[in-house]
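Read the structure below first, then the notes.
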Amino acid sequence: MAKKRILSGMRPTGKLHLGNYHGALKNWVELQNDGAYECFYFVADWHALTSDYADTSEIGDNITDMVIDWLSAGLDPARSILFVQSRIKEHAELWLLLSMITPLPWLERNPTYKEMKEELSNKDLSTLGFLGYPVLQAADIIMYKAYGVPVGVDQLPHIELTREIARRFNFMYREVFPIPEPLLTQVPKLLGIDGRKMSKSYENSIYMSDTGEELQKKVSSMFTDPQRQRRRDPGRPELCNVFAFHRLYTDWERTREIEVECRQAGIGCTDCKRILGENLGAVMSPLHERQAYYRDHLQEIRDIIAAGCLRARSVAEGTLEEVRAAMKISYGL
Ligand code: TRP
Ligand code: SF4
């Protein structure tokens with residue numbers, strides 16, 4: 001039996017932080033390792049242009065940095081198809097064709113659209129590209145006839161729209177597209193070192209590539225339980241971001257000890273953070289080794305992407321042939 005297909009994409013934001021890792025990448029690797037799925041993972045570089053069209057200077061390096069983190073985390077080109085969106089021109093063709101059947105109000109009522117437009121008020125997002133970006137995302141997904149799309153909750157409106165567009169196509173022309181399911185992941189709540197959401201733009205991120213001094217410095221500046229001002233004050237681990245990290249990086253027994261000691265002011269935050277820094281560094285060290293390897297072997301990354309694009313393209317070409325036939329626009333030419 002053919003394996004069920006999984007597809008997901010990430011904007012090329014550059015090196016990934018631990019929020020990106022636990023929120024998405026780790027899950028991608030697990031789906032790959034499960035063995036029951038055929039996984040397509042791609043760099044959504046055209047999506048980066050929908051909001052960052054004015055300054056494109058960093059996209060190229062960002063793609064490389066991000067793919068290095070993908071590979072270091074365990075995405076394996078022998079098992080997953082890794083590709084770059086803009087190398088598969090069919091995404092543009094399918095976007096165009098889907099745009100013909102997508103009613104404008106479906107896009108205008110999209111909550112993410114309204115929010116982002118207000119939030120990113122420093123950019124002019126009154127563009128066709130930005131309004132139409134969920135249609136591009138729909139094209140990305142149904143192109144590969146994906147069964148499942150691992151995403152965070154913020155992406156749910158886009159997946160819902162994808163389903164509506166796919167249904168509309170199937171109804172208007174012919175049943176070409178399976179209706180994809182969103183696969184929501186349980187995401188641990190990790191905040192940035194200043195206690196806000198971890199985000200590149202807040203400069204509060206711990207990166208997958210942070211090591212040594214840099215890593216220790218960040219961990220030692222992390223916000224803790226705000227009510228624990230003095231060493232003798234008891235702490236509340238459940239409200240402490242450092243503790244949330246211990247749950248992921250420190251073994252179960254030690255984590256339990258820290259929890260008990262924190263509540264009795266038996267351990268101080270400085271020691272608690274030092275332990276976290278050490279464990280985090282140790283858990284990440286195999287990834288750091290792979291990052292160093294790929295930074296010295298950039299040609300290998302180019303080859304991996306080229307091979308992934310070849311496989312993605314053959315699927316995409318097949319889909320577009322079906323789409324043109326269903327729409328009766330092949331004209332026998
Ligand atoms: N819009 C997604 C994001 O901003 C990225 C993305 C583009 C994507 N195309 C996709 C995710 C297709 C899943 C499937 O994170
Ligand atoms: Fe947080 Fe550790 Fe300090 Fe407790 S001891 S408040 S868990 S940093």
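Atoms within each ligand, like the ligands themselves, are counted from 1 in listed order. As the structure is a prediction and not an experimental result, all values here were calculated from the model.
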- Cation-pi check, R168 onto W106 ring (under 6.0 Å, within 45° of axis): yes
- Which bit of F42 gets closer than 4.0 Å to ligand 1, counting heavy atoms only: side chain, backbone, both or neither? side chain
- Message: Hydrophobic clusters here meaning ILVMFWY residues chained together by side-chain heavy-atom distances under 4.5 Å, can you tell me if L287 and I304 are in one?
- Response: yes
- Task: Give the atoms of ligand 1, by number and element, whose distance to some non-hydrogen atom of R11 is under 4.0 Å.
- Result: 4 (O)
- Parallel, tilted or perpendicular: rings of F42 and H91 (30°, 60°): tilted
- Please work out whether the ring planes of H246 and F243 are parallel, tilted or perpendicular, with thresholds of 30° and 60°. tilted
- Message: One residue to check: V149. Relative to ligand 1, which of side chain, backbone, both or neither has a non-hydrogen atom less than 4.0 Å away?
- Response: side chain
- Query: Under the criterion ring pair (Phe, Tyr, Trp, His ring centres under 6.0 Å), which of Y53, W95, F130, Y133 is the partner of H47?
  - Reply: Y133
- Looking only at non-hydrogen atoms, which of H158, H47, Q155 approaches atom 15 (O) of ligand 1 most closely? Q155
- Item | For atom 1 (Fe) of ligand 2: protein N/O/S atoms at distances below 2.8 Å | 1
- Should you measure from each heavy atom of D140, which atoms of ligand 1 turn up under 4.0 Å away? 7 (C), 9 (N), 10 (C)
- Query: Looking at residues at least two apart in the chain, or sitting in another chain, which of them share a side-chain contact (heavy atoms from CB on, under 4.5 Å) with Q299?
  - Reply: R302, D303
